[in-house]
Student: 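Let me give you the structure first, and then I'll get to my questions.
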Amino acid sequence: LPVGAVNQSQERRAQARRVLASRGMTEAVTFSFLPGREAALFGGAPESIRLVNPISSDLDVMRPSLLPNLIRAIARNEDRGIGNRALFEVGPQFAGENPEDQSIFASGVRAGQSGPRDWSETPRDVDVFDVKADVLDLLARLGGPSSGAQLLAEAPAWYHPGRSGTYQLGPKSVLAHFGEMHPRVLKEMDIDVPAGACNGRQLSRW
């Protein structure tokens, strides 16, 4: 590539950031590590991505998901009286120790109340439809196959059953999960307001 050129993966990341920011979310840049107890809430982590010499005893696992750190950031903001409850991050998730086990994802979390869409509406609790809209907009504006994707009314266990879903192409090609967070997960992470999240698969290809 010429000096200053960007590849398709880098362009998709930049576009994903623009899309999510345009939807009223603020970009966060968090550690690639997290506590093992939080990783366990999001499917756990293989022993191979546990750190032998972590920078902190509370940061002992490479993150299997971007969502825990985003949720934790919202909790910290809440403790400090910062009202921003809509954050996103585009970055790597780790499923193992090998290079092919690292994938780039785009994730967003909304918590508390959703602002009114126009002057005649009052704020309401964030729900599954807010984060579903985030996913659909992201897929459409990245040129993804949103119209041909299959919608399943199921998602990983850290989402609320019946209030979550998955977009995929065929049985093995997951595009994104979205939904309200499971109350158990929110309680474990000290979040006392409703929250929804979306987590889109690697952006380098569909």
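In what follows, residues are counted from 1 in the order of the sequence shown.
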Student: For Phe42 and Pro68, which heavy atoms make the closest approach, and how far apart are they?
Tutor: CD1-CG, 3.3 Å
Student: Examine distances only and state if a side-chain atom of Glu27 and a backbone atom of Ala21 form a donor-acceptor pair shorter than 3.5 Å.
Tutor: no
Student: If hydrophobic clusters are built by linking Ile, Leu, Val, Met, Phe, Trp and Tyr wherever their side-chain heavy atoms come under 4.5 Å apart, do Val126 and Val109 end up in the same one?
Tutor: no
Student: Evaluate the side-chain proximity of Arg72 to Leu34: yes if any heavy-atom separation is below 4.5 Å, no if none is.
Tutor: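 No, their side chains stay 4.5 Å or more apart.
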Student: Please identify each residue that fulfils ring pair (Phe, Tyr, Trp, His ring centres under 6.0 Å) with Phe178, with sequence neighbours left out.
Tutor: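 Partners of Phe178 by the ring pair (Phe, Tyr, Trp, His ring centres under 6.0 Å) criterion, ordered by chain and then number, come out as Tyr167.
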Student: Tyr159 and Ile71: same hydrophobic cluster, using ILVMFWY side-chain contacts below 4.5 Å?
Tutor: yes
Student: With side chains defined as the heavy atoms from C-beta onward, is the minimum distance between Leu87 and Asn77 less than 4.5 Å?
Tutor: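 A side-chain contact exists here, since the closest heavy-atom pair is under 4.5 Å.
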Student: Could you check Arg184 against Leu41 for side-chain contact (heavy atoms from CB on, under 4.5 Å), going step by step and ending with a plain yes or no?
Tutor: CA-CA 9 Å; Arg184 173 183 56 83; Leu41 296 173; 3.7 Å; yes
Student: Do Arg141 and Ser22 have side-chain atoms, one donor and one acceptor, less than 3.5 Å apart?
Tutor: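 Side-chain D/A pair, Arg141 to Ser22: present.
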Student: Between the main-chain N or O of Leu152 and the side-chain N or O of Thr166, is there a donor-acceptor pair closer than 3.5 Å?
Tutor: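 The answer is no, because no donor-acceptor pair under 3.5 Å joins these two groups.
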Student: State whether the side chain of Glu89 and the backbone N or O of Thr30 hold a donor-acceptor pair below 3.5 Å, judged by distance alone.
Tutor: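 Confirmed, Glu89 side chain pairs with Thr30 backbone.
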Student: Under 3.5 Å, is there a donor-acceptor pair between the side chain of Asn69 and the main chain of Phe31?
Tutor: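 A pair under 3.5 Å: yes.
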Student: Tell me whether the count of non-hydrogen atoms from other residues, nucleotides or ligands lying under 6.0 Å of CZ in Arg163 goes above 12.
Tutor: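 Atom CZ in Arg163 is not crowded, with 12 or fewer foreign heavy atoms closer than 6.0 Å.
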Student: How far apart are the closest heavy atoms of Ala106 and Leu138, and which atoms are they?
Tutor: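 Minimum heavy-atom separation between Ala106 and Leu138: CB-CD2, 4.1 Å.
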Student: Going through the checks in order, is the side-chain contact (heavy atoms from CB on, under 4.5 Å) test met by Asp58 and Arg37?
Tutor: CA-CA 9 Å; Asp58 285 337; Arg37 66 181 181 278; 3.7 Å; yes
Student: Less than 4.5 Å apart, side chain to side chain, heavy atoms only: is that true for Pro183 and His160?
Tutor: yes
Student: Can you name the closest pair of heavy atoms from Gly96 and Pro46 and give their distance?
Tutor: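 Shortest heavy-atom separation between Gly96 and Pro46 comes out as CA-CG, 4.4 Å.
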Student: Just by distance, do the side chain of Asp130 and the backbone of Asp127 share a donor-acceptor pair under 3.5 Å?
Tutor: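 Pair found, side chain donor or acceptor close to backbone of Asp127.
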Student: For Gln15 and Arg12, run side-chain hydrogen bond (donor to acceptor under 3.5 Å, both in side chains): C-alpha distance rounded to whole Å, both residues' side-chain angles, the deciding distance at 0.1 Å, then the answer.
Tutor: CA-CA 5 Å; Gln15 177 66 0; Arg12 283 184 182 274; over 6 Å; no
Student: Measure across Val131 and Gly196 and return the closest heavy-atom pair with its distance rounded to 0.1 Å.
Tutor: CG1-C, 3.5 Å
Student: Using 0.5 Å steps for rounding, measure from the NE2 atom of His177 to the OG atom of Ser65.
Tutor: 9.5 Å
Student: Please determine, by modelled atom types, if Gln10 and Arg13 share a side-chain donor-acceptor pair under 3.5 angstrom.
Tutor: no
Student: Tell me whether Arg85 contacts the main-chain N or O of Ser114 through its side chain, where contact means a donor paired with an acceptor under 3.5 Å.
Tutor: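 Judged by distance alone, no pair lies under 3.5 Å.
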Student: Locate the shortest heavy-atom distance separating Val193 from Gly112; write the atom from each residue and the value.
Tutor: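 Smallest heavy-atom distance, with atoms named: CG2-N, 3.6 Å.
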Student: Pro92 versus Arg63: any side-chain heavy-atom pair under 4.5 Å?
Tutor: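 They are in contact (side-chain heavy atoms under 4.5 Å apart), so the answer is yes.
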Student: Applying a strict under-4.5 Å side-chain criterion to I, L, V, M, F, W and Y, I'd like to know whether Val174 and Leu169 cluster together.
Tutor: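 As far as the 4.5 Å side-chain criterion goes, Leu169 and Val174 are not connected within one cluster.
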Student: So which atom in Gly108 and which in Met25 form the shortest heavy-atom distance, rounded to 0.1 Å?
Tutor: CA-CE, 3.7 Å
Student: Less than 4.5 Å apart, any side-chain heavy atom of Pro161 and any of His182?
Tutor: yes
